[in-house]
Amino acid sequence: MLQTGEMVEHNHAFRLLAEHCNARPNLAELFGAAFVRVLSRAWIERHIQSTAPVIVGPEPRPTYRMSFMSGGDDKTLGVVLQDVTAELECRRMLAERDRDFAVLRDIGVGLSSLLEIEPLALRTYEATQKAIPSRNIYIAIYDRETQTIAFPRYQEDGEWKEMTSRPFGNGLTEHMLVTGEPLMFNDRVGERAREIGIEPVGRSCKAWMGAPMVIDGEAIGVIGLQDYESADVYDQHDLEMLTIIAAQAAAGIKNARSLTAERRAFRELSEAQSRMLETERLRGVTETVGALNHEVNNPLAAIAGNSQLLLRKPDGIPVSALQKIEAIHDAARRIQRVTTKMSSLIQACSMEYPGQQAILDVEKSLGRKDDHAPADAPATPEPRKAA
């Protein structure tokens with residue numbers, strides 16, 4: 001070709017390309033402004049390459065690599081065209097796969113480090129958005145014991161929505177929970193769902209895609225995407241990516257549930273050990289108290305009984321002596337209440353004591369009986385007032 005871009009000579013393959021594109025055999029007509037821009041550089045640098053798509057002809061239009069080189073004289077340049085459409089498509093696919101792998105790697109690392117359902121749901125939502133951007137995403141968790149479905153994450157039209165749990169029904173989510181298989185409808189969502197016996201729940205959409213979160217062959221939740229404005233927005237690659245994300249989320253939820261169960265078991269074991277230690281502690285206290293009661297109550301009963309007899313027949317006893325007898329009787333009764341309570345302890349409490357580590361706090365400790373007085377103790381008479 002000349003410096004003006006006029007073609008001087010071309011081969012049969014170039015004529016076939018021009019005919020296929022319904023154009024004259026002219027590079028400027030086939031490639032437009034992209035060729036014009038590189039032409040001026042080619043006359044200066046003489047040996048350059050550039051890639052441009054064909055701008056005319058039927059779709060899909062191919063992309064060519066144009067290699068400029070010096071001709072046999074200073075008036076012309078040679079151009080070799082190579083169809084690189086397939087090569088560019090492979091590169092595009094490799095770039096997408098690299099992006100997908102990076103997203104999935106980040107998801108795996110992120111989900112494996114989380115051990116609570118709410119952060120897991122948030123990270124799963126973020127991962128899904130990176131792989132398949134959408135304004136309408138929800139995450140559902142199924143509770144088999146209560147037969148309810150909870151929605152820790154729900155976004156509609158780009159806004160967060162609060163959704164309460166609902167009973168297990170016959171919607172798209174329930175269908176995947178039962179079958180354990182992903183599902184995609186790119187058009188006529190409601191009609192196609194009813195054809196397989198599903199009654200969609202909520203606002204109708206034009207495209208829908210979901211994948212179950214499966215643990216040990218059992219679906220425990222669902223990730224769903226929907227589009228309310230356009231149909232044919234999802235493809236098989238999107239469904240594959242969503243299925244992988246759902247599988248990784250399921251593994252994270254399994255780890256979280258396992259840790260929760262282990263924590264519950266550890267807490268129950270700790271409580272059982274505490275109860276056992278308290279029982280052993282009470283046994284030691286009650287055995288000691290039992291021995292002391294036997295040694296204390298016998299002489300104490302004599303003191304309480306004799307003082308009570310004296311108070312019943314106070315004739316001839318001075319008032320000052322009666323007051324001392326009443327004090328003795330009250331003290332004996334108090335000791336009886338303490339020993340009775342200690343012999344029936346069900347919960348022992350300790351208190352600090354000077355010079356000792358701790359002693360039994362009788363007042364705060366709990367016994368089997370609400371009253372503190374022995375059941376068989378005689379009633380205390382009203383004290384006689386001094387004349």
Report, one line per pair, each donor and acceptor closer than 3.5 Å where one atom sits in a side chain of residues 179-186; sequence neighbours left out.
unit_1 : atom_1 : unit_2 : atom_2 : d
T179   : OG1    : H175   : O      : 2.9
T179   : OG1    : E181   : N      : 3.3
N186   : OD1    : V233   : N      : 3.2
N186   : OD1    : Y234   : N      : 3.1
N186   : ND2    : Y234   : O      : 2.6

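- Note: H10 and F14 have tilted aromatic rings, judged against thresholds of 30 and 60 degrees for the angle between ring planes.
- Across every non-hydrogen atom of L322 and P314, the tightest pair is CD2-CB, 3.7 Å.
- Summarising the geometry of Q49 relative to S67, their closest heavy-atom pair is NE2-OG, 3.2 Å, with the distance given to 0.1 Å.
- F35 and I48 end up in the same hydrophobic cluster when Ile, Leu, Val, Met, Phe, Trp and Tyr side chains are linked at under 4.5 Å.
- In this structure, the side chain of R61 engages the main chain of I55 through a donor-acceptor pair within 3.5 Å.
- Partner of I149 under the side chain to side chain contact (heavy atoms under 4.5 Å, CB included) criterion, out of L177, V222, V201, I141: L177 alone.
- R24 has a carboxylate O that lies under 4.0 Å from a charged side-chain N of E29, or vice versa, which qualifies the two as a salt bridge.
- In terms of modelled atom types and a separation under 3.5 Å, the side chain of Q147 and the main chain of R144 share a donor-acceptor contact.
- The shortest heavy-atom contact between M66 and V38 is CE-CG1, 4.4 Å.
- Remark: E229 CD is loosely packed, at most 12 non-hydrogen atoms of other residues, nucleotides or ligands lying under 6.0 Å away.
- Partner of Q155 under the side-chain hydrogen bond (donor to acceptor under 3.5 Å, both in side chains) criterion, out of Y138, Y125, W160: Y125 alone.
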Determine, stepwise, if the pair S70 / H47 fulfils side chain to side chain contact (heavy atoms under 4.5 Å, CB included).
-> CA-CA 7 Å; S70 297; H47 292 276; 3.7 Å; yes

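- In this structure a side-chain-to-backbone donor-acceptor pair under 3.5 Å is missing from D157 to E159.
- For the pair E195 and R192, the salt-bridge criterion is not met [side-chain N within less than 4.0 Å of a carboxylate O].
- Nearest heavy atom pair, residue S134 against residue Q226, reads OG-O, 4.0 Å.
- Classification of E126 and K130 as a salt-bridged pair fails, no side-chain N sitting under 4.0 Å from a carboxylate O.
- When every heavy atom of N170 is checked against every heavy atom of G197, the shortest pair comes out as ND2-O, 2.9 Å.
- The backbone N or O of I215 lies less than 3.5 Å from no partner atom in the side chain of E218, so there is not a single donor-acceptor pair.
- Just one residue in the list L225, I132, L242 forms a side chain to side chain contact (heavy atoms under 4.5 Å, CB included) with I137, and that residue is L225.
- Residues I303 and A332 approach most closely at CG2-CB, 4.3 Å, considering heavy atoms.
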